[in-house]
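Position 1 is the first residue of the sequence; numbering continues from there. Order of listing sets the numbers, starting from 1, for every ligand and every atom in it.
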Amino acid sequence: MVEDAAYPNSSLFAALDDVTAAPVLGAYLDHFAADPGVRAVKNRSLDLLAAASPATVLDLGCGAGHDLTPLASLVGPAGHVFGVDANAGMLALARTRLAPSTPVTLVRAHSHCLPFANASIAAVRCERLLLHDAQPHRTVVEMARAVVPKGRVVLTEPDWGGLALHHPDQSVTDRLLTGFTARNFATPQAGRMLPSLLRSAGLTPVLIEIQPQICDYDLIDMMVEFRDCAFWGEQQGLLSRGQSESWLSMLRSARDKGVFTCALPHFIAVGIKPS
Ligand SMILES: C[S@@+](CC[C@H](N)C(=O)[O-])C[C@H]1O[C@@H](n2cnc3c(N)ncnc32)[C@H](O)[C@@H]1O
């Protein structure tokens with residue numbers, strides 16, 4: 001039997017009509033946003049937007065709204081921020097976290113069909129949406145349509161294909177993690193695709209960076225749920241029950257010895273719309 005998880009499966013971020021999961025997804029995002037590696041990615045994406053001094057910013061896939069207040073500070077009192085998400089539950093949660101006078105408008109929309117006129121937004125930011133999107137090129141085309149000429153699009157995505165988790169049985173571990181990413185993400189390698197997605201949407205990629213997120217045991221267990229991975233391995237015939245328990249206990253042993261090692265790369269890319 002798989003133990004009840006304290007956090008949801010990542011695949012729930014693609015269940016856009018499920019409003020009931022918003023509180024638990026919000027708690028997951030809170031935990032994630034508190035991680036130093038993720039904070040560094042967020043701060044870098046904000047700096048890259050600030051460099052262009054945009055008057056209007058769209059945060060696409062704003063989730064629980066972690067970046068909306070910093071974006072409002074960035075655009076200043078004369079500017080405006082649009083937080084867009086397809087999940088009404090996430091927008092309701094974001095609304096409760098915004099101070100009343102913050103210049104932010106929350107909009108429910110799917111990323112493939114944004115309710116903004118052509119060339120009407122000065123800059124667009126999008127963090128960790130594309131990995132949940134089976135057609136990420138459609139989302140980037142929409143961003144490119146909405147942004148003004150010379151405007152910038154700042155994208156950040158992890159690349160789950162680049163997850164490095166050390167385990168004495170590396171070959172089984174790689175198979176279990178590949179299974180996890182396939183079950184949970186529509187586009188697990190969104191990170192490495194960013195420059196080509198920008199270029200195909202008619203934007204000029206001007207910057208690509210990688211920021212490593214060093215994950216401790218608890219953080220990566222929240223994301224991948226080791227017990228679920230082991231159970232899936234049993235179901236697939238990759239592991240016997242005993243081997244599955246042994247796989248889990250080796251991870252815990254590495255944690256207890258202080259040698260648990262795991263890193264997830266986050267890609268950051270900037271595209272500029274030609275004038
Ligand atoms: C992993 S969360 C990231 C939230 C936020 N960007 C952050 O960094 O905390 C992904 C968010 O994108 C939203 N989302 C996923 N696919 C979407 C789509 N195609 N259109 C609009 N929103 C989408 C989900 O509802 C969720 O709130």
Side-chain angles (χ1 to χ4, degrees), residues 7-46 48-49 57-71 81-98 104 106-116 123-143 145-146 153-160 181 184-188 190-191 194 197 201 211 213 219 222-224 264 266-269:
Y7 288 102
N9 288 337
S10 299
S11 61
L12 268 183
F13 284 115
L16 300 176
D17 293 326
D18 182 356
V19 294
T20 62
V24 76
L25 290 175
Y28 178 108
L29 293 176
D30 289 347
H31 199 82
F32 204 68
D35 180 75
V38 174
R39 295 204 64 72
V41 172
K42 286 186 177 296
N43 290 339
R44 180 66 178 141
S45 76
L46 291 173
L48 289 166
L49 282 168
V57 176
L58 161 60
D59 187 21
L60 184 52
C62 65
H66 285 95
D67 304 290
L68 295 175
T69 300
L71 287 171
V81 176
F82 295 94
V84 169
D85 204 286
N87 187 317
M90 297 308 285
L91 289 177
L93 188 58
R95 192 164 286 114
T96 64
R97 295 170 168 202
L98 285 173
V104 174
L106 297 174
V107 181
R108 185 178 177 213
H110 194 283
S111 60
H112 294 178
C113 186
L114 295 175
F116 298 100
V124 181
R125 168 182 194 280
C126 182
E127 175 179 343
R128 300 199 321 274
L129 180 153
L130 300 177
L131 82 167
H132 299 294
D133 186 353
Q135 298 177 298
H137 56 283
R138 292 187 62 183
T139 293
V140 183
V141 163
E142 272 296 89
M143 293 190 243
R145 181 188 65 72
V153 171
V154 178
L155 307 177
T156 91
E157 292 291 333
D159 192 302
W160 281 93
T181 57
N184 282 277
F185 304 114
T187 306
L194 295 182
L197 285 168
Q211 175 83 36
Q213 181 187 9
L219 184 71
M222 175 188 93
M223 292 192 269
V224 310
L264 178 65
H266 289 252
F267 284 68
I268 305 170

For this session: Work out whether the distance between some heavy atom of Gly65 and some atom of ligand 1 is less than 4.0 Å.
Result: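 Not so, Gly65 does not reach ligand 1.
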
Exercise. Does ligand 1 have any atom sitting under 4.0 Å from a heavy atom of Cys62?
Worked result: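 Yes, that is the case, since the closest heavy atom of the residue is under 4.0 Å from the ligand.
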
Problem set entry | Proximal ligand 1 atoms for Asp67, defined as those under 4.0 Å from one of its heavy atoms |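 So the atoms of ligand 1 that pass are 8 (O).
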
Problem set entry | Subset of ligand 1 atoms that lie under 4.0 Å from at least one heavy atom of His110 |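 Near His110, the atoms of ligand 1 are 19 (N), 20 (N).
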
Problem set entry | Criterion side-chain contact (heavy atoms from CB on, under 4.5 Å) against Leu106, the qualifying member of Leu68, Val84, Asp85 |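 Single side-chain contact (heavy atoms from CB on, under 4.5 Å) partner of Leu106 among Leu68, Val84, Asp85: Leu68.
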
Heavy-atom distances under 4.0 Å are what count here, so tell me which part of [X] touches ligand 1: side chain, backbone, both or neither.
{"X": "His132", "answer": "side chain"}
{"X": "Thr139", "answer": "neither"}
{"X": "Met90", "answer": "side chain"}
{"X": "Ala64", "answer": "neither"}
{"X": "Leu16", "answer": "side chain"}

Who's the nearest protein heavy-atom neighbour of [atom], and how far?
{"atom": "atom 17 (C) of ligand 1", "answer": "Leu129 CD1, 3.6 Å"}
{"atom": "atom 3 (C) of ligand 1", "answer": "Glu127 O, 3.7 Å"}
{"atom": "atom 10 (C) of ligand 1", "answer": "Arg128 O, 3.4 Å"}
{"atom": "atom 22 (N) of ligand 1", "answer": "Ala86 N, 3.2 Å"}
{"atom": "atom 7 (C) of ligand 1", "answer": "Lys42 NZ, 3.6 Å"}

Nearest 0.5 Å please: distance from the [atom1] atom of [X] over to the [atom2] atom of [Y].
{"X": "Leu58", "Y": "Phe116", "atom1": "CG", "atom2": "CZ", "value": "5.0 Å"}
{"X": "Leu129", "Y": "Glu157", "atom1": "CG", "atom2": "CD", "value": "7.0 Å"}
{"X": "His137", "Y": "His112", "atom1": "NE2", "atom2": "NE2", "value": "7.5 Å"}
{"X": "His266", "Y": "Thr156", "atom1": "NE2", "atom2": "OG1", "value": "7.5 Å"}
{"X": "Glu127", "Y": "Leu60", "atom1": "CD", "atom2": "CG", "value": "12.0 Å"}

Exercise. Can you find a pair of side-chain heavy atoms, one from Leu194 and one from Leu130, that are under 4.5 Å apart?
Worked result: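 Side chain of Leu194 against side chain of Leu130, heavy atoms only: contact under 4.5 Å found.
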
For this session: Determine the sole option in Asp67, Asp35, Asp59 for which the salt bridge (Lys or Arg N to Asp or Glu O under 4.0 Å) test with Lys42 is passed.
Result: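 Among the candidates, only Asp67 passes.
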
For this session: Please report the shortest heavy-atom distance between Arg125 and Ser45, naming the atom on each side.
Result: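 Taking Arg125 first and Ser45 second, the nearest heavy atoms are NE-OG, 3.1 Å.
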
Problem set entry | Nearest neighbour of atom 6 (N) of ligand 1 from the list Gly61, Cys126, Cys113, Ser111, on a heavy-atom basis |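 Checking each option, the heavy atom nearest atom 6 (N) of ligand 1 is found in Gly61.
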
For this session: Would you mind finding which of Asp85, Asp30, Leu91, Val19 brings a heavy atom closest to atom 27 (O) of ligand 1?
Result: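 Of the listed residues, Asp85 has the closest heavy atom.
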
Exercise. Is there a nitrogen or oxygen of Leu60 sitting under 3.5 Å from a nitrogen or oxygen of ligand 1?
Worked result: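 Among all N and O atoms of Leu60, none is under 3.5 Å from an N or O of ligand 1.
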
Exercise. Taking distance alone, with no angle check, do Asn87 and ligand 1 share an N/O pair under 3.5 Å?
Worked result: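 No, Asn87 has no N/O under 3.5 Å of an N/O on ligand 1.
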
For this session: Specify whether Phe185 and His132 have parallel, tilted or perpendicular ring planes, treating 30° as the upper limit for parallel and 60° as the lower limit for perpendicular.
Result: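 Tilted.
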
Exercise. Quick check: does any side chain N or O of Arg108 sit under 3.5 Å from a backbone N or O of Ala86, one acting as donor and the other as acceptor?
Worked result: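 The answer is yes, because a donor-acceptor pair under 3.5 Å joins these two groups.
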
